Amino acid sequence: MSIKSILLCLITATCLALTGCGSNTANTSADNAGKKDGSVRIVTTFYPMYIDAINIAKGIDGVSVTNMTKPQTGCLHDYQLTTEDMKTLEKADILIANGAGMESFLDKVIKGQKKLTIIDASQNMELLETDGEKNPHLWLSVTANIQQVKNITEQLKKADPKHADAYQANADIYIQKLEALKKEMHNTLDKVPHKDIVTFHEAFPYFAKEFGLNIIAVVEREPGSEPTPNELQAVIQQIKPLSSKVLFTEPQYAPSAAQTIARETGAKIFTLDPVVTGESTADAMDAYLVTMRKNMATLKEALQ
C-alpha cells in the first residue's frame, strides 16, 4: 500500500471516530430530557405548582423553572392559552400541572407539543366531588400538598434522572417544612369552638376536611360569576340561624356578593387566600407557608 493510501485510511478512521463521539453525546443529552447543553426547562401551569417546583429544583445547575400564567391569574377552570403561553411551552422540556381537571387546556398542549413531558401533581390521589364534579383544589390541604410535592418529585426524577438526587434532597427539605406547618395548623385549628364557615367559591373543601371545618354554603360556585337572587337568598337563610356568623372572601375576587350577605345577616367578613396568585420572586419559595399561616390566624380569630 502506498504512503498516500495509508494516510487516506487514517484520515477516514479519525473522522469516523469523531462522528461516533458526537452521536454518543447527543444521545446522552436526549436521555436527560433537556437541551443539547444539558439544561432542563421546567414550566408550571399556575402559582401553586410554581411554588412546589422552585422548592424542588432550587439551586440545581442547568434547571430553570418558569410559571406560565401571569401573577394575577387565579384558578385555571376556564383559562384560555395565549400565544405567549404557547411560545413558553415550545421552549419547555417539562410541564408541571395540578391535574384533577384544573387545566382543561392540556389536551391542546399535548397535541401541539409532542416532545413535552407533562407531570401530573395529582396523580392517583383521591378527589372530592361536588354535584358530581371533581374538585381540583388539592393543594389547600397541607397533607394533599405534601403528596403533590412527592408526586412531582418522583415524576421529575424519571424525566430528568441526571438531577434525581438533587430533586429528592430538595423535596425532603421542603416536605419537612410542610409537615411542621401541618402540625402547627392542627394545633391551632383543631381547638376552635366554631366549625361552620361560608366560603366564596369551591376552593376550600380539602382544607375544610383536613381541619374539621363545615362548609355550610358557597357564595359563588364558579369564581367571577355573581350568584342569582335565589342563590343569594338561600345562602342568607343558611347563615341566619348560626350562632357564629362568618363568611370568607378571597383576595382574587370582588366581595360585592359577600357584602350583601353580611348586610342581611350581620355576618362578619374575613379573607382566606387560596394561594393561587403571586409574583415569581425569591419570596415565592415560602409563599405557601406564609399564606397558609395567615389563613390559620384568620380562622383562629373568626371562629372564636
Side-chain angles (χ1 to χ4, degrees), residues 29-125 127 134 136-139 144-164 166-168 170-171 174 275-280 284-285 287-288:
S29 298
D31 290 341
N32 287 337
K35 309 299 180 188
K36 290 183 179 180
D37 62 359
S39 65
V40 178
R41 296 179 182 176
I42 299 171
V43 171
T44 56
T45 53
F46 73 137
Y47 201 56
M49 298 300 101
Y50 178 73
I51 296 170
D52 288 348
I54 60 174
N55 276 282
I56 296 167
K58 67 178 180 180
I60 302 177
D61 289 340
V63 178
S64 63
V65 180
T66 302
N67 193 38
M68 183 184 73
T69 50
K70 297 184 186 308
Q72 67 271 22
T73 305
C75 290
L76 304 181
H77 301 287
D78 300 312
Y79 187 77
Q80 297 293 321
L81 285 169
T82 66
T83 302
E84 186 177 346
D85 293 337
M86 295 306 294
K87 289 179 180 178
T88 299
L89 292 172
E90 284 172 5
K91 298 175 184 177
D93 301 299
I94 297 168
L95 175 66
I96 299 177
N98 178 76
M102 176 62 76
E103 297 95 344
S104 58
F105 56 80
L106 273 182
D107 288 343
K108 183 177 180 180
V109 172
I110 293 169
K111 291 176 183 177
Q113 307 293 333
K114 300 293 186 182
K115 296 182 180 180
L116 182 64
T117 298
I118 296 179
I119 287 177
D120 181 354
S122 302
Q123 188 177 73
N124 299 324
M125 293 181 68
L127 302 178
K134 295 176 181 177
H137 302 85
L138 285 151
W139 69 91
N145 189 33
I146 290 169
Q147 185 58 52
Q148 287 191 304
V149 171
K150 291 178 179 179
N151 286 347
I152 292 168
T153 303
E154 287 304 312
Q155 293 174 71
L156 269 177
K157 286 161 61 177
K158 291 178 182 178
D160 178 24
K162 178 181 176 182
H163 300 113
Y167 289 137
Q168 188 62 61
N170 283 340
Y174 188 46
V275 206
V276 291
T277 55
E279 298 290 339
S280 302
M285 288 192 65
Y288 183 85

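The shown structure was predicted, so the numbers you read here are calculated from the model rather than taken from an experiment. Counting from 1, the numbers follow the sequence of the chain as shown.
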Do the side chains of Tyr174 and Ile51 get nearer than 4.5 Å, heavy atoms only?
yes
Closest heavy-atom pair and its distance - Met102, Pro136:
CE-CG, 3.5 Å
Quick one: are Asp52 and Ile96 in side-chain contact, heavy atoms under 4.5 Å?
no
Closest heavy-atom contact between Ala287 and Tyr47?
CB-OH, 3.5 Å
How about Ile56 and Ile152: do any of their side-chain heavy atoms sit closer than 4.5 Å?
yes
With sequence neighbours left out, the residues meeting ring-ring contact (aromatic ring centres under 6.0 Å, His included) with Tyr79 are Phe105
Between Asn67 and Ser280: side-chain donor-acceptor atoms closer than 3.5 Å:
no
For residues Thr45 and Met49, determine if any side-chain heavy atom of one lies less than 4.5 Å from a side-chain heavy atom of the other.
yes
Would you say the side-chain atoms of Gln72 and Thr277 include a donor-acceptor pair closer than 3.5 Å?
no
Whether Lys70 and Glu84 form a salt bridge (side-chain N of Lys/Arg under 4.0 Å from carboxylate O of Asp/Glu) is what I want to check.
yes
4.5 Å side-chain heavy-atom contact, Thr69 and Thr44
no
Could you tell me whether the side chain of Leu156 reaches within less than 4.5 Å of the side chain of Ile119, counting heavy atoms only?
yes
Please find the pair of heavy atoms, one from His163 and one from Asp61, that lie closest to each other, and give the distance.
NE2-O, 3.5 Å
Of all the heavy-atom pairs spanning Asn170 and Asn55, show the shortest one and how long it is.
CB-O, 3.3 Å
Shortest non-hydrogen separation from Gln113 to Leu89 and the atoms involved:
OE1-O, 3.9 Å
Does a donor on one side chain and an acceptor on the other come within less than 3.5 Å for Gln147 and Asn151?
yes
Considering all heavy atoms of both residues, which atom of Ala171 and which atom of Val149 are nearest to each other, and what is their separation?
CB-CG1, 4.3 Å
Among residues at least two apart in sequence or on other chains, which ones pass side-chain hydrogen bond (donor to acceptor under 3.5 Å, both in side chains) with Tyr167?
Asp160
Does Val40 reach the side chain of Ile94, with side-chain heavy atoms less than 4.5 Å apart?
yes
Is there side-chain contact between Leu138 and Leu127, with heavy atoms separated by less than 4.5 Å?
yes
Looking only at side chains, do Thr88 and Asp85 share a donor and an acceptor under 3.5 Å apart?
no
So, Thr153 versus Gln168: side-chain donor-acceptor pair below 3.5 Å or not?
no
Report yes or no: do Asn98 and Gln148 form a side-chain donor-acceptor pair below 3.5 Å?
yes
